[in-house]
Amino acid sequence: MQFKPPPGDPERIRLWSLREDALVESAGDDQLLVFTRWGDIEIDDPSPVVREWLYRMSLGPVSLENLLPALAEHKSTAGIPSMADDPEYLRVRRVIEKLGSCVVHSLGLADMGGPLLSAVPISRQATFELPAVDAGHPVRLSRFAAMRASDGEVVLESPLARHRVVFHRSLATRVVGSLGKATTIADLAPALDVAESLVADIVTYVAAVGMVVFAEDEGNPLNARFAEDTDPALLVWSHNDLLFHSRSRLGRDDPRGAVFPHGDKLPPPPAVKPVPEGPRFPLYKPVLADVAAADPPFTEVVEKRRSFRKFARRPLTAQRLGELLFRSARIRSVRPADGGGVSYAVSDRPYPSSASLHELELYLTIDRCIGLPRGIYHYDPLGHALTLINTSEDKVGELLDDAKVATGSLQRPPALITVTARMGRLSWMYNGIAYATTLRHVGVLQQTLYLVATAMELAPCALSVGDIEVCDSAFLLDWPAEVTVGGFVVGLRPDAIAERNSARQDP
């Protein structure tokens with residue numbers, strides 16, 4: 001049943017609480033310790049009121065009036081105590097400021113159990129100050145703000161904000177959800193049939209964390225201009241890219257890193273993907289001593305590395321392709337490891353991988369290669385062999401044509417290597433940074449392929465785009481358990497004239 005606010009001007013209450021992961025403990029008569037995810041905070045010489053306040057905050061949202069009844073007579077229309085000369089109030093306010101990064105700020109109604117919304121800090125740098133909002137000034141949601149469902153409630157997040165806003169009641173969601181285009185509180189309140197003062201407070205709380213923005217000028221909302229729409233530092237970012245960046249580094253949101261979030265719920269994914277059914281083609285294994293003796297010096301390889309977008313008409317051979325994969329991506333060994341309370345297997349390969357998890361898989365789409373039929377293959381890095389999994393001419397052609405377009409070439413590449421990731425292999429160990437980590441792994445694998453292909457005098461080119469729908473179908477992937485994350489094409493180098501022309505076009 002949808003919540004409907006009481007008629008008239010409902011009484012609002014400002015509430016405070018601590019983040020769920022904050023813990024208050026006494027360190028004697030003259031000190032309290034608040035343990036937070038960003039470090040311990042000492043509260044020296046706390047008064048009985050401050051002690052009681054912090055303990056109540058650790059249990060859930062509370063108001064100052066519950067502790068300091070005299071303040072109820074001196075609060076503003078937004079439920080903000082204004083009795084600034086009360087010594088106990090000043091003590092409490094100083095403590096709240098000191099605990100800023102772990103204090104949750106909530107807005108509630110006097111005759112309603114529980115808050116309407118809460119601003120939850122997600123950064124050690126989080127600060128919260130309610131701004132003055134003019135009911136006639138145009139406002140709008142930031143273009144970087146986004147809503148999602150979480151644990152049965154609606155959450156508003158932005159990579160620019162150091163808080164997330166949790167909407168506990170549909171009323172708050174309805175108000176903020178109506179800010180997709182510029183409007184004013186004075187116009188919004190009657191349209192929603194909600195008291196203007198209540199709409200103003202809801203908007204004020206979301207503005208306090210930076211997810212409601214104010215127009216640069218007064219006037220008609222239809223002509224409103226917002227600073228974030230012209231800020232050069234923000235124009236270069238899309239919402240998705242900036243959110244991904246902010247959530248894939250430490251310092252924001254929940255604990256991230258090797259915390260084994262699923263270690264007690266799911267078995268560790270295998271180090272090697274089971275070999276699919278299909279005709280199997282063992283690959284050539286070079287003698288590494290002979291390779292090392294024949295290879296050019298490492299610095300020469302690095303300096304000569306470049307991308308080729310034209311290939312010789314002569315086909316690749318299965319032997320050269322086998323050597324490329326052997327030197328770049330095979331499994332050299334498998335060993336046990338421990339973590340998260342369980343044992344799991346890791347592997348050693350020519351390219352690095354965080355915690356040796358090696359979640360990447362390789363699929364080869366072959367157009368022209370002596371010794372291998374045209375088709376789509378899965379690479380088995382442990383057995384160093386290819387398994388033919390798809391011979392559909394339509395799928396083969398579609399994949400090769402996509403690669404041709406991605407490289408800007410006029411011809412299909414002889415061989416396309418598509419990189420996928422078994423995400424459970426990383427997310428089982430890493431919380432919040434699994435996808436960012438796999439993209440780094442794609443980069444190091446592509447560089448390894450580049451260097452080996454250069455040493456072998458092949459013509460390589462990395463790809464940054466690909467059609468996920470085509471790949472999922474062609475490789476028979478169980479999306480999103482396994483997703484495509486990168487690509488690489490390889491062939492024989494063109495003749496000398498074509499090679500020089502390609503070099504002029506290569507960045």
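Position 1 is the first residue of the sequence, and the numbers go up from there.
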Decide side chain to side chain contact (heavy atoms under 4.5 Å, CB included) for Phe144 and Leu242; before the verdict, give the C-alpha distance in whole Å, the side-chain angles of both, and the deciding distance to 0.1 Å. CA-CA 8 Å; Phe144 291 96; Leu242 193 55; 3.8 Å; yes

Hey, are Asp187 and Thr184 close enough side-chain-wise for a donor-acceptor pair under 3.5 Å? yes

Once rounded to the nearest 0.5 Å, what's the spacing between atom CG of Leu99 and atom CD1 of Ile96? 8.5 Å

Is there side-chain contact between Asn390 and Tyr363, with at least one heavy-atom pair below 4.5 Å? no

Value rounded to 0.5 Å, distance of CG in Leu117 from NE2 in His105: 12.0 Å

With Tyr435, which of Thr437, Ile433, Thr438 fulfils side chain to side chain contact (heavy atoms under 4.5 Å, CB included)? Thr438

Mind checking whether Val483 and Ile468 have side chains closer than 4.5 Å, heavy atoms only? no

Side chain of Arg91, backbone of Ser47: donor and acceptor closer than 3.5 Å? no

Can you tell if the side chain of Leu156 reaches within under 4.5 Å of the side chain of Arg148, non-hydrogen atoms only? no

Separation between OG1 of Thr36 and CZ of Arg124, rounded to the nearest 0.5 Å: 7.5 Å

Counting only N and O atoms by type, is there a donor-acceptor contact under 3.5 Å from the side chain of Ser246 to the main-chain atoms of Leu243? yes

Between Asp472 (side chain only) and Leu477 (backbone N and O only), is there a donor and an acceptor less than 3.5 Å apart? no

Start with the C-alpha distance between Tyr351 and His358, add both sets of side-chain angles, then the distance that settles ring-ring contact (aromatic ring centres under 6.0 Å, His included), and finish with yes or no. CA-CA 9 Å; Tyr351 65 94; His358 286 103; 5.0 Å; yes

Note, Ser354 side chain near Tyr430 side chain (heavy atom, < 4.5 Å): yes

Of all heavy-atom pairs linking Thr183 and Leu188, the shortest is OG1-N, 4.3 Å

Tell me, do Val175 and Val206 make a side-chain contact under 4.5 Å, heavy atoms counted? no

Out of curiosity, Ser158 OG to His239 NE2, how far, rounded to the nearest 0.5 Å? 7.5 Å

Can you confirm whether more than 12 heavy atoms, excluding those of Lys98, are under 6.0 Å from its NZ atom? yes

Would you call Arg174 and Asp193 a salt bridge, taking side-chain N to carboxylate O under 4.0 Å as the test? no

If we ignore hydrogens and angles and just use 3.5 Å, is the side chain of Ser427 paired with the main-chain N or O of Ala434 as donor and acceptor? no

Regarding Ser118 and His168, is there a side-chain donor-to-acceptor distance under 3.5 Å anywhere? yes

How about Pro121 and Val104: do any of their side-chain heavy atoms sit closer than 4.5 Å? yes

How far apart are the closest heavy atoms of Ala345 and Ala271, and which atoms are they? O-CB, 3.6 Å

Taking the side chain from Thr407 and the backbone from Lys404, do they hold a donor-acceptor pair closer than 3.5 Å? yes

Residues, nucleotides or ligands: over 12 heavy atoms within 6.0 Å of Glu20 CD: no

On a heavy-atom basis, which atom in Ala172 and which in Phe167 lie closest, and how many Å separate them? CB-CD2, 3.5 Å

Walk me through it: do Arg422 and Asp478 pass the test salt bridge (charged side-chain N to carboxylate O under 4.0 Å, His left out)? CA-CA 9 Å; Arg422 294 182 291 133; Asp478 180 19; over 6 Å; no

For Ala145, is there any backbone N or O sitting under 3.5 Å from a side-chain donor or acceptor partner on Glu157? no

Closest non-hydrogen atoms of Leu109 and Arg12, given as atom of the first, atom of the second and distance, are CD2-CG, 3.7 Å

Looking at Lys273 and Glu361, does any basic side-chain N land under 4.0 Å from a carboxylate oxygen? no

Would you sort out whether Leu463 and Leu416 count as a side chain to side chain contact (heavy atoms under 4.5 Å, CB included), showing the intermediate values? CA-CA 10 Å; Leu463 304 181; Leu416 163 66; 3.7 Å; yes

Do the side chains of Leu364 and Phe488 get nearer than 4.5 Å, heavy atoms only? no

Taking the side chain as everything from C-beta on, heavy atoms only, tell me whether Ile202 gets closer than 4.5 Å to Leu107. yes

Which is it for Gln31 and Glu42 under the side chain to side chain contact (heavy atoms under 4.5 Å, CB included) test, yes or no, and what are the steps along the way? CA-CA 7 Å; Gln31 191 178 66; Glu42 297 178 358; 3.4 Å; yes

Atom pair CZ/OH of Arg425 and Tyr344 - distance to nearest 0.5 Å: 8.0 Å

Got a second to check how far Leu54's CG is from Leu59's CG, nearest 0.5 Å? 11.0 Å

Quick one, Asp241 with Phe244, criterion side chain to side chain contact (heavy atoms under 4.5 Å, CB included). Give me CA distance, side-chain angles, the key distance, then yes/no. CA-CA 5 Å; Asp241 282 345; Phe244 177 62; 5.6 Å; no

Validation row, ring centre Phe128 to ring centre Tyr205 under 6.0 Å: yes

Charged N to carboxylate O below 4.0 Å: is that the case for Arg143 and Glu228? no

